[in-house]
Amino acid sequence: MTLEVGVLGYRFMGKAHANAMARLPMFFPDAPEVERRVLVGRDESALSDAAERLGFDSTATDWRDVVDDVDVFYNLGPNHVHREPSVAALEAGTPVFCEKPLAPTLEEADVMAETAREAGDDVPAGCAFNYRFVPAIRYAKRLLEAGELGEIRQVRGRYLQDWLVDSDAPWSWRNDEEMAGSGALGDLGSHTVDLLRFLVGDDDLAGDIERLSGHLKTFVDERPVADDAGETRPVTVDDAYSAQLEFENGAVGSLEGTRVAAGHKNDHTIEIHGSKGSLRFSLERLNELEVLREGDRGYETILVTDEDDPYVDHWWPPGHVLGWEHTFVHENYEFLSAVADDREFEPNFEDGLAAQQVLDAIERSDERGEWVALE
Ligand code: SOE
């Protein structure tokens, strides 16, 4: 069975997912066969260059011509383009893989999750939280599920970038509330929230977040428009956010995300402390997991590159490290296999919605200047 795939978006994420699809037959021979059939975008000349480079058979400038004409639809466009094409595809019975955050607003995420529910489990609706597919994160999840850290007491997630530290860095859709929804909060915080939900969200660990206190900050109010000397546009989203969390089962947590942390390029760290030990993960050292078990005096650094570590047997011998792009190969493997078998895939639109509820609560808390409860 060959799955014909239509992909909206051909820049950063288009490249990451097209690369993943191209790697599948080489490294995951049991993955379904995939034909990169049609690439969708508005700028015809950039689109046809991208289609050639990324291995697509054809192009289309209107997603409406594509969503019910392919076996799978990837929505990799900017956040404000997530809802309409994804909903149309699901209503046509076409499985959807949508980039994160699921939508710019909670209202839109709600509509998307409701449509996915109506489409049913045999029409997978995935939300592309790729960091769930880092082998060391899967390893950490196994440790947590086995109770090796004991009762979870404290969690910490920080996602630091610096591409907006310069006040003259150009304006982009990521700085606009209408198009992006929020700034560092949605772009980076959605990853952190999803990872914490994935790792400790089970009822027998920390459970759901019960209430939180959030804070947003914009340091630069307007930015220059690239290629338009003297023109500026307003920045209507946060440059940085932070939040304090209280979980259902008594654990507490703190979150931080920023695009203005000089010197930090893509620095995502997760730390979890339990009654019997701690663990920490850093995306900048994604092949490693640091673990401290009961009685240890310091952290042990485990190199998660052994054959029996998650996904590693598909790649290289132990110690031959993996990178950021491999997370996309792993998530594409899982998602496309779920499509071929007509079964559910996680993270799905419910997970996208759950992350969005947390982002929305952080915004509400910031506006009101008080703690807010999650429904
Ligand atoms: C830009 O901030 C960005 O590309 C995010 O949009 C991605 O989700 C993250 O993985 C890396 O940084």
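Counting convention: from 1, in listed order, for ligands and their atoms alike.
Among protein heavy atoms, atom 2 (O) of ligand 1 sits closest to Asp187 OD2, 2.5 Å. In this structure, the protein non-hydrogen atom closest to atom 4 (O) of ligand 1 is Phe12 CE2, 3.0 Å. Ranking protein heavy atoms by distance to atom 12 (O) of ligand 1, first place goes to Gln161 NE2, 2.8 Å. Looking from atom 10 (O) of ligand 1 to the surrounding protein, the closest heavy atom is Tyr131 OH, 2.6 Å. The protein atom (non-hydrogen) at minimum distance from atom 11 (C) of ligand 1 is Tyr159 OH, 3.4 Å.
Of the heavy atoms in Asn266, only side-chain atoms (C-beta onward) come closer than 4.0 Å to ligand 1.
Of the charged side-chain nitrogens involved, at least one lies within less than 4.0 Å of a carboxylate oxygen, so that Arg37 and Asp69 count as a salt-bridged pair. By the 4.0 Å N-to-carboxylate-O rule, Lys100 lies too far from Asp194 to be salt-bridged with it. With respect to Glu114 and Arg117, a salt bridge is recorded, a charged nitrogen being found less than 4.0 Å from a carboxylate O. Between Glu300 and Arg293, at least one side-chain N (NZ, or NE/NH1/NH2) sits under 4.0 Å from a carboxylate O, which counts as a salt bridge. A salt bridge does not link Glu331 with Arg132: none of the charged nitrogens is closer than 4.0 Å to a carboxylate oxygen.
Atoms of ligand 1 lying under 4.0 Å from at least one heavy atom of Trp163, given by number and element, are 2 (O). In summary, the atoms of ligand 1 found under 4.0 Å from a heavy atom of Lys100, numbered by their order in the structure, are 5 (C), 6 (O), 7 (C), 8 (O).
Relative to atom 7 (C) of ligand 1, the option among Lys265, Glu99, His191 with the closest non-hydrogen atom is His191.
Each of Ile209, Leu212, Leu374, Val252 was evaluated against Glu246; a single residue qualifies, Val252, per the side chain to side chain contact (heavy atoms under 4.5 Å, CB included) test. Each of Asp187, Asp162, Asp238 was checked for a salt bridge (charged side-chain N to carboxylate O under 4.0 Å, His left out) with Arg259, and the lone residue meeting it is Asp187.
Residue contacts with ligand 1: Arg174 is included, with a non-hydrogen atom under 4.0 Å away.
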